[in-house]
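Note sheet for the following structure.
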Amino acid sequence: MRTDRRLRVVLAEDSVLLREGLIGLLGRCGHDVVAAVGDAPALLAAVEEHTPDIVLTDVRMPPGFQDEGLHAAVRLRETRPTLPILVLSQYVQRAYASELLDSGDGTGVGYLLKERVGKVAEFVDALREVADGGTVVDPEVVRQLLRRRRDPLARLTAREREVLALMAEGKSNGAIARQLVVSDAAVGKHIGNILSKLDLPPTDATHRRVLAVLAYLRG
């Protein structure tokens, strides 16, 4: 369950305008930006110094403006597997999303397009969701990945794939039920079928749900 606790955030964004905007936005929403940096080495140093609740980072940063931020995030997850990280990207990059989702223990990760920042409530909800160990993926990333899915997802029905796509967006059972205009019980049954068809190991329900989302995004 997502909490409303005050988060200590390390922010990495090379655009001064966006960086300052995010600092102001997060502050107004009750969170503390304990460090705001503009490149990957500074990000690594800031996390080491401040031990934040969550890292919010751009994918592309100096000096090469390629995937320095993403690589820094993956490196952080290698040494801190449970460190929540929310990555922002200008464009949908399937490889970037897959690399991030493959890092750490698969929980507490998010991949959003920068345009989602403008939807303040959704953005802040995603930040909290990731900080609490959830997996949040931008709906546009989900849609693009959906067009490339292969086995083991081929065993799922159209409705089950729809439910799994909404799970990948970080939606709760209740939110999925409302969006699809079905009962909570129907959603629970679909999720049970999804977990069974994906042959996920018998572990706690929350972890199996995360594994299902990862299977969907990586498959």
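Everything numeric here is computed off the predicted structure, so don't read it as measured data.
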Are side-chain heavy atoms of I191 and V163 found at a separation under 4.5 Å?
yes

Work out which heavy atom in A36 is nearest to a heavy atom in I23; give both atom names and the distance.
CB-CD1, 3.6 Å

Which residues share a salt bridge (Lys or Arg N to Asp or Glu O under 4.0 Å) with R178, sequence neighbours left out:
none

Heavy-atom nearest pair, L112 first then A126, reads CD1-CB, 3.8 Å

Of all residues at least two apart in sequence or in a different chain, which pass the side chain to side chain contact (heavy atoms under 4.5 Å, CB included) check with N193?
E160, K189

Sequence-distant partners of A46, side chain to side chain contact (heavy atoms under 4.5 Å, CB included), two or more places apart
V10, A35, V37, H50

Closest non-hydrogen atom pair, G133 against T107:
O-CB, 3.4 Å

Any side-chain heavy-atom pair from F123 and L26 closer than 4.5 angstrom?
yes

Counterpart residues, salt bridge (Lys or Arg N to Asp or Glu O under 4.0 Å), relative to E49 (two or more places apart):
none

Do V33 and L22 have side chains that get closer than 4.5 Å, going by heavy atoms?
no

How many angstroms lie between atom CD1 of I194 and atom CG of L164, to the nearest 0.5 angstrom?
5.0 Å

Residues which pass salt bridge (Lys or Arg N to Asp or Glu O under 4.0 Å) with D32, listed by chain and number, not counting sequence neighbours:
R6

Can you list the residues that meet the salt bridge (Lys or Arg N to Asp or Glu O under 4.0 Å) rule with K171, with sequence neighbours excluded?
none

Under the side-chain hydrogen bond (donor to acceptor under 3.5 Å, both in side chains) test, which residues partner N173, sequence neighbours left out?
R209

Any side-chain heavy atom of I54 sitting closer than 4.5 Å to one from H31?
no

Any residue meeting side chain to side chain contact (heavy atoms under 4.5 Å, CB included) with E122, in chain and number order, not counting sequence neighbours:
K119

Straight-line distance of L18 CG to Q90 CD, nearest 0.5 Å:
9.0 Å

Checking side-chain contact (heavy atoms from CB on, under 4.5 Å) for the pair H71/V74: CA distance, chi angles, key distance, verdict?
CA-CA 5 Å; H71 282 173; V74 172; 5.5 Å; no

Kindly state each residue pair satisfying salt bridge (Lys or Arg N to Asp or Glu O under 4.0 Å) with at least one member in residues 8-31, sequence neighbours excluded.
E13-K114

For the pair V55 and L83, evaluate side-chain contact (heavy atoms from CB on, under 4.5 Å) and give the outcome as yes or no after the intermediate values.
CA-CA 8 Å; V55 169; L83 174 65; 3.9 Å; yes

I'd like to check the side-chain hydrogen bond (donor to acceptor under 3.5 Å, both in side chains) partners of E162; sequence neighbours left out, ordered by chain and number.
R159

Would you check if L43 and L76 make a side-chain contact, meaning some heavy-atom pair closer than 4.5 Å?
yes

Excluding sequence neighbours, so at least two apart, what forms side chain to side chain contact (heavy atoms under 4.5 Å, CB included) with A40?
M61, E68, A72

What pairs with E48 under side-chain hydrogen bond (donor to acceptor under 3.5 Å, both in side chains), at least two apart in sequence or on another chain?
R80

Taking all non-hydrogen atoms of both residues, which atom of D58 and which atom of L88 are closest, and how far apart?
OD1-O, 3.1 Å

Residue pair V109 / R77, side-chain heavy-atom distance below 4.5 Å
yes

Looking at C29 and V124, what are the two nearest heavy atoms and their distance?
SG-CG2, 3.5 Å

